[in-house]
S.K.: 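I'd like to ask some things about the structure below.
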Amino acid sequence: MMRHRYNYTPWVTKVLPFALLTFLFIATVRTAFHYGQAQSKSSINWNPSLQSDSSAKNSQPGSQQEPWSASSDLGVRVVRPVYAIIPETRDGRKNVTVVLTVWLKRVGARRAPYDLPHQAQDSIRIMVWADNPFDIHSRQWGHLKLPLDHAQWKPELLLETAEPGPILRSVYEPQAHHASSVIDHNLRPYSFRVDLPDGVGDCFKLIEASYPKHKAPICLPPARLDPTCEWLAPTGRYNATHPALFTTIGAVRSTVSIRDWAGFQAHVAARLWNYVSYQVAMGASGLLLYTDELQQSYLRRDPKTAELMRRGQLRLVEWDMHERSHDDDDGRGRPLGYNYDQALFASHVNLGLSACGANLWVIVTDIDEYLYIPKPNHRWPEPLTGCMKADGPDVTIHSLQRFDVLSSTTDPGDERKMWILPGSLGNNLTVGGGGGVAASAVVANASFSHPLELYDRVYARPLSRLHGKAVLQPGAQAVLFFVHDAVPLYGRTALVNHKCMVLLHVINFFGGRRKRPAESELQPFRNWIFAGPHPDERTAGVAEQ
């Protein structure tokens with residue numbers, strides 16, 4: 001049989017270019033998709049309309065099936081290690097090389113509906129911490145401490161752009177009047193800013209001047225491409241008069257180094273359920289919780305916290321400052337421990353949200369502190385547009401007073417047991433939807449079996465005003481943050497009247513921290529959230545003597 005010989009050359013020459021173009025197109029799309037995901041994991045918002053109740057029940061928390069995004073880096077990039085030389089440390093060591101951790105966020109020029117006037121400039125804001133390898137556990141009051149005070153030494157950060165662009169020098173953000181309004185600067189991270197000229201592009205090399213040939217390449221897309229602000233406060237639901245309010249707390253760690261991870265994380269999940277359900281009932285949109293990879297893994301699998309994440313009321317912020325415990329104290333009985341990085345996470349959340357508008361506010365607080373608006377049936381944002389407004393329109397950090405609360409029916413040593421059991425919400429309380437405009441009209445006078453309902457005594461006097469907690473507008477760009485205070489670059493700080501809004505501090509949340517004092521130091525208290533349809537205003541408030 002004669003075999004025919006076919007000439008494949010014309011066919012190959014036609015098909016091969018088409019196949020090559022198809023391959024290049026697919027590769028480009030995949031690269032762009034993964035690049036967009038890498039910039040911020042908050043880019044996928046959970047949309048309740050995209051999932052029915054039945055499909056929500058069938059999805060597994062933490063699986064690839066999740067239709068919501070429960071975690072984010074807030075669009076903040078971290079670079080470490082970066083080295084710098086301190087000419088002389090406080091212990092007399094000369095030319096010590098310290099290790100810097102540098103966080104960067106591009107802000108400004110967003111062109112969003114709620115941009116603030118000062119946000120027109122395209123800039124990079126930078127937060128820096130320095131660790132001295134010779135004294136890695138340097139601390140004060142149990143919190144990490146810089147090798148030197150800001151006034152004695154600051155890193156000199158440069159951003160190198162591609163030729164023929166300039167080398168940009170960072171500027172220390174706080175001015176003299178900012179620095180003079182706070183104490184203990186060595187507990188507060190550095191804040192820098194680099195204003196970007198037109199045409200410098202999106203990629204840079206970060207340099208510390210004492211190591212000029214050590215360069216950290218980094219690419220920061222324009223702020224308008226960062227989905228973080230829309231993830232937390234969608235512009236269709238929140239505005240300057242009805243802003244979203246998120247509480248934020250640092251990594252919840254054990255006070256001692258343990259290996260019972262499953263048991264501890266189960267307790268954390270129960271505490272978070274009690275915390276978030278109450279805060280949302282008081283009008284908050286939810287909680288930004290700083291977590292490490294291990295804790296994220298547990299919280300995604302726990303049905304209580306997975307449900308809070310599904311609702312959008314619990315958002316996890318990826319945090320890589322790991323456990324850093326130490327047995328020796330600092331001479332004042334304060335070992336470095338579970339909350340050593342509180343100043344860092346507080347500064348991080350303000351950095352990450354500093355490109356957002358007036359439609360987003362944040363309270364930096366602890367898991368044993370509960371927002372309380374003493375006037376019955378008033379929820380956030382009513383205080384902001386009401387009693388807090390009396391302090392002036394330019395207030396961008398409101399300092400909340402804290403009142404300790406106790407239970408007359410529970411022994412102080414037993415209180416911790418109440419908080420590791422999840423309270424059940426009443427059927428008449430609507431907690432879905434994430435707060436904000438809709439949540440300001442949630443069903444009033446709801447009742448639910450919650451540990452805080454047993455707290456019927458409140459101290460007549462608040463804690464020292466130096467130990468208040470801040471509710472702030474991140475867009476005002478707070479700097480010099482420690483646990484209790486900070487300074488806004490735009491606007492000013494004011495103390496909130498105790499009849500307007502406070503924090504209730506459960507002093508025995510983790511154990512018998514304080515015994516009951518004399519009755520003369522206390523007053524009867526009934527949280528109106530639990531008081532039924534007609535709360536008694538005489539016991540619903542707090543008194544400052």
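The analysis underlying the following values was restricted to heavy atoms, covering all of them including side chains, and did not include hydrogens, waters or symmetry mates. The residues of the chain are indexed from 1 along the displayed sequence.
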S.K.: Using side-chain heavy atoms (C-beta onward) and a distance below 4.5 Å, is Val78 in contact with Asp320?
M.R.: yes
S.K.: Give the C-alpha distance, both sets of side-chain angles, the deciding distance and a yes or no for side chain to side chain donor-acceptor pair (under 3.5 Å) between Arg125 and Ser354.
M.R.: CA-CA 9 Å; Arg125 300 190 67 223; Ser354 60; 3.2 Å; yes
S.K.: For Ile367, is there any backbone N or O sitting under 3.5 Å from a side-chain donor or acceptor partner on Arg271?
M.R.: no
S.K.: With no hydrogens and no angle check, is any side-chain donor or acceptor of Asn274 less than 3.5 Å from a backbone partner on Leu421?
M.R.: yes
S.K.: Output the distance between atom NZ (Lys375) and atom CD (Glu537), rounded to the nearest 0.5 Å.
M.R.: 5.0 Å
S.K.: Identify the heavy atoms of Thr228 and Ser72 that sit nearest to each other, and give their distance.
M.R.: OG1-OG, 4.4 Å
S.K.: Rounded to the nearest 0.5 Å, what's the gap from CD1 on Ile373 to NE2 on His378? Could you check?
M.R.: 8.5 Å
S.K.: Using 4.0 Å as the upper bound for N to carboxylate O, is an ion pair formed by Arg332 and Asp330?
M.R.: no
S.K.: Is there a donor-acceptor contact under 3.5 Å from the side chain of Arg301 to the main chain of Ala306?
M.R.: no
S.K.: Taking Ala281's backbone N and O only, do any of them form a donor-acceptor pair with Arg379's side chain (distance below 3.5 Å, no angle check)?
M.R.: yes
S.K.: Does some side-chain heavy atom of Val479 sit less than 4.5 Å from a side-chain heavy atom of Tyr190?
M.R.: no
S.K.: Look at Asp394 together with Arg492 and state whether they make a salt bridge at an N to O cut-off of under 4.0 Å.
M.R.: yes
S.K.: Testing the basics here: between Leu503 and Glu369, what is the closest heavy-atom pair and its distance to 0.1 Å?
M.R.: CD1-OE1, 4.0 Å
S.K.: Determine whether the aromatic ring centres of residues Trp419 and Tyr370 are separated by less than 6.0 angstrom.
M.R.: yes
S.K.: Mind telling me whether His450 and Tyr278 have parallel, tilted or perpendicular rings, with 30° and 60° as the class edges?
M.R.: tilted
S.K.: Compute the ring centroids of His505 and Tyr459, then answer whether they are less than 6.0 Å apart.
M.R.: no
S.K.: Which heavy atom of Asn359 sits nearest a heavy atom of Ala233, and at what distance?
M.R.: ND2-O, 3.2 Å
S.K.: Does any N or O in the side chain of Arg513 come within less than 3.5 Å of the main-chain N or O of Phe510, such that one atom is a donor and the other an acceptor?
M.R.: no
S.K.: Under the criterion side chain to side chain contact (heavy atoms under 4.5 Å, CB included), I'd like the reasoning laid out for Leu371 against Leu245: C-alpha separation, chi angles, the key distance, then a yes or no.
M.R.: CA-CA 11 Å; Leu371 176 65; Leu245 174 67; 4.0 Å; yes
S.K.: Are Leu454 and Met418 close enough, and set up right, to give a side chain to side chain contact (heavy atoms under 4.5 Å, CB included), and what steps lead you there?
M.R.: CA-CA 10 Å; Leu454 298 177; Met418 302 189 302; 3.2 Å; yes
S.K.: Give me the atom names and distance for the closest heavy-atom approach of Glu415 to Val506.
M.R.: OE1-CG1, 4.1 Å
S.K.: Specify the closest pair of heavy atoms between Tyr275 and Asp366, including all atoms of both residues, with the distance to one decimal.
M.R.: CE1-O, 3.5 Å
S.K.: Side chains of Thr291 and Leu299, heavy atoms from C-beta outward: is any pair under 4.5 Å?
M.R.: yes
S.K.: Take Lys105 and Asp226 through the salt bridge (Lys or Arg N to Asp or Glu O under 4.0 Å) test and state the conclusion after the steps.
M.R.: CA-CA 10 Å; Lys105 171 85 176 191; Asp226 178 19; 2.3 Å; yes
S.K.: Can a donor-acceptor pair be found, under 3.5 Å and without considering hydrogens, that links the side chain of Trp273 to the backbone of Leu308?
M.R.: no
S.K.: Would a 4.5 Å heavy-atom cut-off, applied to side chains only, mark Ser71 and Glu318 as touching?
M.R.: yes
S.K.: Within the distance-only criterion (no hydrogens, no angle test), does the side chain of Arg526 pair as donor or acceptor with the backbone N or O of Asp456 below 3.5 angstrom?
M.R.: no
S.K.: State whether the number of non-hydrogen atoms from other residues, nucleotides or ligands found under 6.0 Å of Tyr114 atom OH is greater than 12.
M.R.: yes
S.K.: Measure from the side-chain N and O atoms of Ser180 to the backbone N and O of His177, and report whether any donor-acceptor pair falls under 3.5 Å.
M.R.: yes
S.K.: Between Glu544 and Lys499, is the closest basic N to carboxylate O distance under 4.0 Å?
M.R.: no
S.K.: Show me the pairs that pass side chain to side chain donor-acceptor pair (under 3.5 Å) and involve residues 252-264, at least two apart or across chains.
M.R.: Arg253-Asp341
S.K.: Starting at SG of Cys356, measure out to CD of Gln477 and round the result to the nearest 0.5 Å.
M.R.: 11.0 Å
S.K.: Just how far is it from atom OG of Ser285 to atom CH2 of Trp380, taken to the nearest 0.5 Å?
M.R.: 9.5 Å
S.K.: Whether Lys469 and Asp485 form a salt bridge (side-chain N of Lys/Arg under 4.0 Å from carboxylate O of Asp/Glu) is what I want to check.
M.R.: no
S.K.: Under 3.5 Å, is there a donor-acceptor pair between the side chain of Gln119 and the main chain of Gly357?
M.R.: no
S.K.: Are the side chains of Tyr290 and Ile249 in contact, using a 4.5 Å heavy-atom criterion?
M.R.: no
S.K.: Apply side chain to side chain contact (heavy atoms under 4.5 Å, CB included) to the pair Val483 and Trp141, showing each step before the final yes or no.
M.R.: CA-CA 11 Å; Val483 178; Trp141 304 323; over 6 Å; no
S.K.: Might you confirm whether atom CD of Glu293 has over 12 heavy atoms from other residues, nucleotides or ligands at distances under 6.0 Å?
M.R.: no
S.K.: Show your reasoning for whether side chain to side chain donor-acceptor pair (under 3.5 Å) applies to Asp184 and Gln140.
M.R.: CA-CA 9 Å; Asp184 298 312; Gln140 184 174 335; 3.3 Å; yes
S.K.: Under 3.5 Å, side chain of His467 to main-chain N/O of Ser464, donor-acceptor pair present?
M.R.: no
S.K.: Could you check whether any side-chain heavy atom of Leu360 comes within less than 4.5 Å of a side-chain heavy atom of Gln473, counting everything from C-beta outward?
M.R.: no
S.K.: Answer yes or no: is there an ion pair linking Asp404 with Arg457, defined by an N-O contact shorter than 4.0 Å?
M.R.: no
S.K.: Would you call Asn527 and Tyr372 a side-chain contact if the rule is heavy atoms closer than 4.5 Å?
M.R.: yes
S.K.: Check step by step if side chain to side chain contact (heavy atoms under 4.5 Å, CB included) holds for Thr248 and Phe345.
M.R.: CA-CA 9 Å; Thr248 179; Phe345 102 80; 3.8 Å; yes
S.K.: Would you check if the distance from the ring center of Tyr340 to the ring center of His143 is below 6.0 Å?
M.R.: no
S.K.: Quick one: does Leu316's side chain get under 4.5 Å of Gln295's, heavy atoms only?
M.R.: no
S.K.: Looking at every heavy atom in both His398 and Leu384, which two are closest together, and how far apart are they?
M.R.: NE2-CD1, 4.2 Å
